[in-house]
Structure formats: C-alpha cells, structure tokens
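Please read the structure below before turning to the comments.
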Amino acid sequence: ARQFADAAPPTAAVRWAERLKLRPSEQRNIHKPDDWQQQPKAYIKDGSLGSGAYGVVYKAHKRDDPKTFYAVKKIRLQHVSDGVSFNAMREIRALREMKANPHPNIILLEDVFVRNKSVHLVFEFMPRGDLEKLIKNPTILLPEAHAKAYALMLLGAVEHCHSMWFLHRDIKPSNLL
C-alpha cells in the first residue's frame, strides 16, 4: 500500500480514458483540461453538415491529407468538471466495438479526441448525405427496387448490431447515410 501513497492522483484525461475503456495506444488524443488549448489540430473544418440532438457535425479533412474527408461530430461538454456524458461514452464504446467487428452498412468511427471543451467523434464521410434528404428531394424518384435495397441494408446492419448486443434507439431516415 505504501508504494501507491506517493503516486499522484489520476488526471482528468486518465479518468476519461478509464471510463471509455481506452487502451494506452488510444489515449493519445485524450488530454487533461489544461492541455485543451495546446493540443495540435489534426483536422481542418471544411463546413457544417448539420446538427442533431447531441451536437454539430462538420465536414473536415486531416491536416496532412486534404483529399480525404471525414464527418466530425462535435459533442459539447456541459460542465467540464463532469467529464464526458454517459450517452457519449456509450456511443463511443459501441462504435469502437463495431470498428473491431465491422459491417459494410455501419459507418466507422475513425478517431476520438477532445478539444475546446468538446468531444469530437471522427467518422468516415458519406458524400451523398442521408436518406431523409433523398426522400425529401422532389427531383428524385426512388424506385421500388432501391427502397427494397435500402431496407435490406438497414435490416442487415440492425441484425449485426443485435448480434453484438447493441440496440439502436434512433433509427430514422436522417440517421441512414
């Protein structure tokens, strides 16, 4: 017990990494609050893609690769001292597990980082947008065969989630990319 008495208390970054169940190699982008302003920008915003219940989604590219685009979901922390919300942690954990066991119809989480008092989730970019925009576009007529194909892709993705004991609680056209 004496050997731990001199150990410094864990930083906020270490506590977050433990709550997110991050391996040491994945902790590279989690910093304590004092370091948020000094963290180098790995991604450059190219514009807004939309907003949802948890935050804003931006189109971005890596600083060293301007031709590959990503969708960056910015989740603002309500109270910095409280850390990451339970819902955000649950989403990050589920997406990390999905990346380890991917499905062709489930979007991949590429990266997670904290900057400016917000958690950023970096996803692969889907240039055609979501199904809601497709449905609402009066110039596009969705043939029955395409509707069936979308339904089969959705059912396959949901089956995959269920096989991993995940339940998607917000299936709607705007969440189908």
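Quick note: residue numbers are just sequence positions, from 1. The basis for the numbers below is simple: all heavy atoms, side chains too, and nothing from hydrogens, waters or symmetry mates.
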Quiz prompt | Flag, side chain of His160 to backbone of Asn101, donor-acceptor distance under 3.5 Å | solution = yes
Non-hydrogen atoms of [X] and [Y] that approach each other most closely:
X	Y	value
Asp46	Ala60	OD2-C, 3.5 Å
Glu124	Leu108	OE2-N, 2.8 Å
Met98	Met164	SD-SD, 3.7 Å
His103	Gly156	NE2-O, 3.5 Å
Leu49	Ala71	CD1-CB, 4.1 Å
Ile106	Cys161	CD1-SG, 3.8 Å

Exercise. Would you sort out whether Val119 and Ile92 count as a side chain to side chain contact (heavy atoms under 4.5 Å, CB included), showing the intermediate values?
Key: CA-CA 10 Å; Val119 176; Ile92 293 167; 4.0 Å; yes
Quiz item: Can you say whether the rings of His61 and Phe69 are parallel (under 30°), tilted (30 to 60°) or perpendicular (over 60°)?
Solution: perpendicular
Practice problem: Evaluate the side chain to side chain contact (heavy atoms under 4.5 Å, CB included) criterion for residues Val72 and Leu121: first the C-alpha distance (whole Å), next the side-chain angles of each, then the deciding distance (0.1 Å), finally the verdict. | Solution: CA-CA 6 Å; Val72 180; Leu121 308 180; over 6 Å; no
Practice problem: In sequence, state the C-alpha distance, the side-chain angles, and the governing distance for Leu134 and Asn137, and then conclude on side chain to side chain contact (heavy atoms under 4.5 Å, CB included). | Solution: CA-CA 5 Å; Leu134 183 68; Asn137 187 335; 5.8 Å; no
Self-check item: Note, His162 side chain near His168 side chain (heavy atom, < 4.5 Å)
Solution: no
Practice problem: Report the C-alpha distance between Leu177 and Ile107 in whole Å, list the side-chain angles of each, state the deciding distance to 0.1 Å, and finish with yes or no for side chain to side chain contact (heavy atoms under 4.5 Å, CB included). | Solution: CA-CA 8 Å; Leu177 303 175; Ile107 194 165; 3.5 Å; yes
Starting at [atom1] of [X], measure out to [atom2] of [Y] and round the result to the nearest 0.5 Å.
X	Y	atom1	atom2	answer
Lys136	Leu131	NZ	CG	11.0 Å
Arg115	His120	CZ	NE2	8.0 Å
Asn105	Tyr150	CG	OH	11.0 Å

Quiz item: Is the closest basic N to carboxylate O distance between Asp170 and Lys172 below 4.0 Å?
Solution: yes
Quiz prompt | Electrostatic pair Lys73-Glu91, nearest N-O below 4.0 angstrom | solution = yes
Can you hop from [X] to [Y] via hydrophobic side chains spaced under 4.5 Å?
X	Y	answer
Ile44	Val114	no
Leu155	Leu176	no
Leu167	Trp165	no

Exercise. Please report the C-alpha distance between Phe123 and Tyr70 in whole Å, then the side-chain angles of each, then the deciding distance to 0.1 Å, and finally whether the ring-ring contact (aromatic ring centres under 6.0 Å, His included) criterion is met.
Key: CA-CA 6 Å; Phe123 296 95; Tyr70 299 90; over 10 Å; no
Quiz prompt | ring-ring contact (aromatic ring centres under 6.0 Å, His included) between Tyr58 and Tyr43, worked out | solution = CA-CA 11 Å; Tyr58 297 97; Tyr43 298 89; over 10 Å; no
Quiz item: Does a sphere of radius 6.0 Å around NE2 in His146 hold more than 12 heavy atoms from other residues, nucleotides or ligands, not counting ones at 6.0 Å or beyond?
Solution: no
